[in-house]
Asker: 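My questions will all concern the structure given below.
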Amino acid sequence: MKPVSHLFPCFYFFFFFAVFLPVVSPSASTFPVNIWPKPTTISWPSPAASPLSPSFTILSSHPSHPHLSAAISRYQNLLLSERHRPLVPPSLPSCSVPLSSLSLSISNPSAPLHHAADESHSLSVSLTGLATLAAATPWGAIRGLESFSQLVWASESRLLVAAGINITDRPLFPHRGLLLDTSRNFIPVEDILRTVRAMGYNKMNVLHWHITDSQSFPILLPSVPELAVKGSYGPEMQYSPEDVRRIVGYAMSYGVRVMPEIDAPGHTGSWAEAYPEIVTCANKFWAPAGKPALAADPGTGQLNPLIPETYDVVRAVFRDIAELFPEPFFHGGADEVNTACWEDDGSIAAFISGGGTHDELLRTFISKTHPFITADLNRTAVYWEDVVLGPAVKVPPSTIPKESAVMQTWNNGPNNTKILAGMGYRVIVSSWDFYYLDCGYGGWYGNDSQYDSLTPGGDGGSWCSPFKTWQRVYDYDITEGLTEEEAALVVGGEVAMWTAQVDGVVLDGRVWPRASAMAESMWSGNRGHDGKKRYAEATDRLNEWRRRMVGRGIAAEPIQPLWCAKHPSLCNFVE
């Protein structure tokens with residue numbers, strides 16, 4: 001313990017500024033130093049700063065936890081090397097006592113990283129050279145370490161840390177995700193790892209890996225390797241089992257679960273390269289003139305539910321995926337089943353002519369695969385809303401038990417969320433009108449005649465225009481219009497990055513900082529204590545957070561001219 005005389009100057013400074021200068025109240029909208037996403041509770045009655053000791057260390061009571069120890073090592077290095085310089089430097093009284101350590105304690109160190117894992121934590125940075133972080137689980141501790149890292153900044157030749165601050169924090173929603181499609185364009189492993197890293201910085205906790213689709217099957221599975229050998233874009237654009245294990249393990253050190261999705265029975269044209277006998281309408285033009293479209297977009301093919309061979313391959317795929325991904329949620333897709341594609345097959349056409357229905361075909365597929373996911377693989381199944389709400393093909397809700405499934409909604413905003421919750425399903429919200437990050441970049445079909453016109457306006461060929469700005473993302477209330485019972489079934493949300501026009505080169509800017517906007521709304525909400533939307537004060541904070549992310553190697557897009565960031569509030573629409 002340091003002598004009291006070494007502490008006195010800090011207490012003296014603290015007393016002087018508390019008495020003679022204005023105090024920033026805990027309810028104020030912003031502080032001299034801010035954390036993204038905004039914590040649920042902050043007490044910083046008299047903001048001050050302490051030097052961060054060059055020998056600063058993080059002390060853990062659980063050094064043997066592999067994922068937590070990796071996080072501690074990472075943050076230890078980051079804290080002493082980042083040297084983030086704020087756009088508007090904080091003007092704070094500085095204590096003379098350096099902060100020498102952060103002591104970390106966890107009440108349940110063996111808690112697994114599953115859905116609804118406890119991420120609560122309390123962080124306190126004293127004026128006496130010590131800081132403490134208490135968490136219920138390792139995953140809450142990782143969130144607290146991120147918060148602490150954002151309290152540190154560089155000033156001239158030294159590092160400073162916010163002092164006299166107390167934070168108590170926990171997320172509003174247990175599921176805060178990003179969907180990443182790796183089928184339409186291949187996303188290299190290093191780019192996925194960087195995306196996971198950015199998710200951890202933003203306290204997002206689920207990477208929804210949409211691995212396969214009609215365009216390609218990039219994951220190499222031991223039981224059915226031909227699916228990737230023949231269905232990927234090439235040997236250099238495949239994910240090996242070692243790649244998957246690396247991604248999953250890396251993500252766990254950031255408190256991020258990796259939820260795999262194998263979309264079926266629709267969106268499976270890529271399966272036909274290895275198993276053409278189980279796929280209908282594969283490799284055909286998607287929108288034949290004068291006939292119904294065979295797919296929602298280019299890349300045709302669907303699994304045939306009538307033949308036993310289909311289920312042999314599906315079970316092999318699902319079993320291998322479950323062995324590679326320890327995540328308890330298994331996404332089975334089941335969206336956008338196309339009736340014309342099924343009817344293109346002779347056996348299915350005969351089934352329909354004999355009085356069978358498309359709904360029966362989907363029910364057959366779900367009835368044979370859902371129990372395999374839930375009973376044989378011991379997973380909770382996740383499906384797109386289409387499986388029970390599809391406009392053309394759907395199954396009765398009785399086909400999919402509520403206790404073993406979660407529905408992900410992407411259409412009709414709050415309306416479909418309410419319908420699914422009213423059915424009794426847990427719901428993940430990904431409404432395209434708010435959370436689809438690919439929208440508004442224009443069409444990607446070849447020889448599209450709509451561009452022949454010089455008429456101003458239009459959607460540029462993007463079906464889900466306009467572009468979803470960060471404000472649009474931030475403002476969405478995913479429980480809008482729900483009863484208390486229905487809202488309790490909404491487990492969270494996901495922004496979606498579909499990659500028809502995205503690869504690793506442009507990935508960061510397409511995702512960040514718009515995904516950061518959702519991250520805060522899912523963590524602490526988009527409203528202040530007065531109940532009003534806080535997007536206005538969030539602008540300046542997001543400018544600063546984007547700058548810090550860029551410094552950490554995340555190529556996030558700017559949201560305003562730099563002048564606005566250096567002159568807070570002067571670029572507001574209303575004074």
Side-chain angles (χ1 to χ4, degrees), residues 114-116 172-177 179 206 208 210 259 261-267 296 305 318 327-339 357-375 377-436 476-496 518 521-522:
H114 286 174
H115 173 68
L172 283 176
F173 293 95
H175 189 109
R176 308 175 306 281
L179 178 150
V206 180
H208 173 174
H210 183 90
M259 177 177 70
E261 180 185 354
I262 301 296
D263 204 352
H267 292 273
F318 285 7
E327 163 60 31
F329 280 15
F330 186 112
H331 205 303
D335 62 316
E336 295 184 318
V337 173
N338 184 285
T339 59
T357 68
H358 302 101
D359 288 358
E360 287 179 289
L361 288 170
L362 182 57
R363 186 168 59 193
T364 297
F365 182 84
I366 296 297
S367 295
K368 290 188 176 183
T369 56
H370 180 77
F372 184 75
I373 294 172
T374 58
L377 301 180
N378 192 30
R379 298 296 195 269
T380 296
V382 184
Y383 296 109
W384 292 105
E385 62 179 17
D386 311 44
V387 72
V388 291
L389 298 182
V393 187
K394 60 186 175 185
V395 303
S398 59
T399 308
I400 306 175
K402 312 297 187 297
E403 63 275 8
S404 62
V406 178
M407 293 295 165
Q408 185 163 5
T409 179
W410 63 284
N411 281 305
N412 298 323
N415 181 66
N416 279 15
T417 303
K418 187 171 183 67
I419 292 173
L420 292 169
M423 290 179 176
Y425 287 111
R426 289 170 287 171
V427 185
I428 298 168
V429 177
S430 293
S431 304
W432 66 261
D433 198 27
F434 298 88
Y435 283 174
Y436 271 29
Y476 189 30
D477 289 325
I478 65 172
T479 59
E480 178 75 25
L482 304 186
T483 67
E484 186 175 339
E485 292 76 15
E486 291 165 345
L489 290 171
V490 177
V491 300
E494 290 180 4
V495 286
M518 191 212 71
S521 68
M522 292 293 102

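Each residue takes its place number in the sequence, starting with 1.
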Asker: Report the C-alpha distance between His175 and Val490 in whole Å, list the side-chain angles of each, state the deciding distance to 0.1 Å, and finish with yes or no for side-chain contact (heavy atoms from CB on, under 4.5 Å).
Answerer: CA-CA 9 Å; His175 189 109; Val490 177; over 6 Å; no
Asker: Quick one: closest heavy-atom pair of Val429 and Tyr435, and the distance?
Answerer: O-CD1, 3.6 Å
Asker: If I compare all heavy atoms of Arg426 with all of Ala405, which pair ends up nearest, and what's the gap?
Answerer: NH2-O, 3.7 Å
Asker: Would you find a donor on one side and an acceptor on the other, under 3.5 Å apart, between the side chain of Asp359 and the backbone of Val395?
Answerer: no
Asker: Keeping Tyr425 on the side-chain end and Glu385 on the backbone end, is there a donor-acceptor pair under 3.5 Å?
Answerer: no
Asker: Are the aromatic ring centres of Phe329 and His115 under 6.0 angstrom apart?
Answerer: yes
Asker: Is the closest side-chain heavy-atom distance between Ile262 and His331 below 4.5 Å?
Answerer: no
Asker: Would you say Leu420 and Leu489 make side-chain contact, with heavy atoms under 4.5 Å?
Answerer: no
Asker: Between Thr479 (side chain) and Leu482 (backbone), is there a donor-acceptor pair under 3.5 Å?
Answerer: no
Asker: How long is the span from the CG atom in Asp335 to the CG atom in Asp263, to the nearest 0.5 Å?
Answerer: 4.5 Å
Asker: Strictly by modelled atom types, are Glu261 and Trp384 linked by a side-chain donor-acceptor pair under 3.5 Å?
Answerer: yes
Asker: Donor-acceptor pair, distance only, cut-off 3.5 Å: does the side chain of Arg363 make one with the backbone of His358?
Answerer: no
Asker: Does Lys394 NZ have over 12 foreign heavy atoms under 6.0 Å away?
Answerer: no
Asker: May I have the step-by-step check of side-chain contact (heavy atoms from CB on, under 4.5 Å) for Val382 and Phe330, ending in yes or no?
Answerer: CA-CA 6 Å; Val382 184; Phe330 186 112; over 6 Å; no
Asker: Would you indicate whether the side-chain heavy atoms of Thr374 and Arg379 approach each other to under 4.5 Å?
Answerer: no
Asker: Under 3.5 Å, side chain of Thr399 to main-chain N/O of Pro396, donor-acceptor pair present?
Answerer: yes
Asker: State, to 0.1 Å, how close Met522 and Gly493 come at their nearest heavy-atom pair, and which atoms those are.
Answerer: SD-N, 3.5 Å
Asker: Going by heavy atoms in the side chains, are Thr409 and Ile428 under 4.5 Å from each other?
Answerer: no
Asker: When rounded to the nearest 0.5 angstrom, what is the spacing between CE in Met518 and CZ in Arg176?
Answerer: 8.0 Å
Asker: Kindly compute the distance separating CD (Gln408) from NE2 (His208), expressed to the nearest 0.5 Å.
Answerer: 5.5 Å
Asker: Compare every heavy atom of Pro265 with every heavy atom of Ala334, then report the nearest pair and how far apart it is.
Answerer: CA-CD, 4.3 Å
Asker: So do the side chains of Leu179 and Val495 get within less than 4.5 Å of each other, counting heavy atoms only?
Answerer: no
Asker: Can you tell me if Tyr476 and Ser521 form a side-chain donor-acceptor pair at under 3.5 Å?
Answerer: no
Asker: Does any N or O in the side chain of Glu480 come within less than 3.5 Å of the main-chain N or O of Asp477, such that one atom is a donor and the other an acceptor?
Answerer: no
Asker: Which residues pass the side-chain contact (heavy atoms from CB on, under 4.5 Å) test with Asn338, not counting sequence neighbours?
Answerer: Gln302, Ala340, Cys341
Asker: Taking the side chain as every heavy atom from C-beta outward, state whether Leu389 and Met423 have any pair of such atoms under 4.5 Å apart.
Answerer: yes
Asker: Does Glu494 offer a backbone N or O that forms a donor-acceptor pair with the side chain of Ser430 under 3.5 Å?
Answerer: yes
Asker: Please report the shortest heavy-atom distance between Leu377 and Phe318, naming the atom on each side.
Answerer: CD1-O, 3.6 Å
Asker: Roughly how far, to the nearest 0.5 Å, is the CG atom of Asn411 from the CG atom of Asp433?
Answerer: 10.0 Å
Asker: What about His370 and Phe365, are their ring centers closer than 6.0 Å?
Answerer: no
Asker: Using side-chain hydrogen bond (donor to acceptor under 3.5 Å, both in side chains), reason through Trp410 and Asn416 one step at a time and then give a plain yes or no.
Answerer: CA-CA 8 Å; Trp410 63 284; Asn416 279 15; over 6 Å; no
Asker: Within this structure, what is the OG1-CG distance for the pair Thr339 and Leu361, rounded to the nearest 0.5 Å?
Answerer: 10.5 Å
Asker: Which value, rounded to the nearest 0.5 Å, describes the distance between Thr417 atom OG1 and Glu486 atom CD?
Answerer: 10.0 Å
Asker: Is the closest side-chain heavy-atom distance between Ser431 and Tyr436 below 4.5 Å?
Answerer: no
Asker: Are Tyr383 and Ile366 side-chain neighbours, meaning at least one heavy-atom pair lies under 4.5 Å?
Answerer: yes
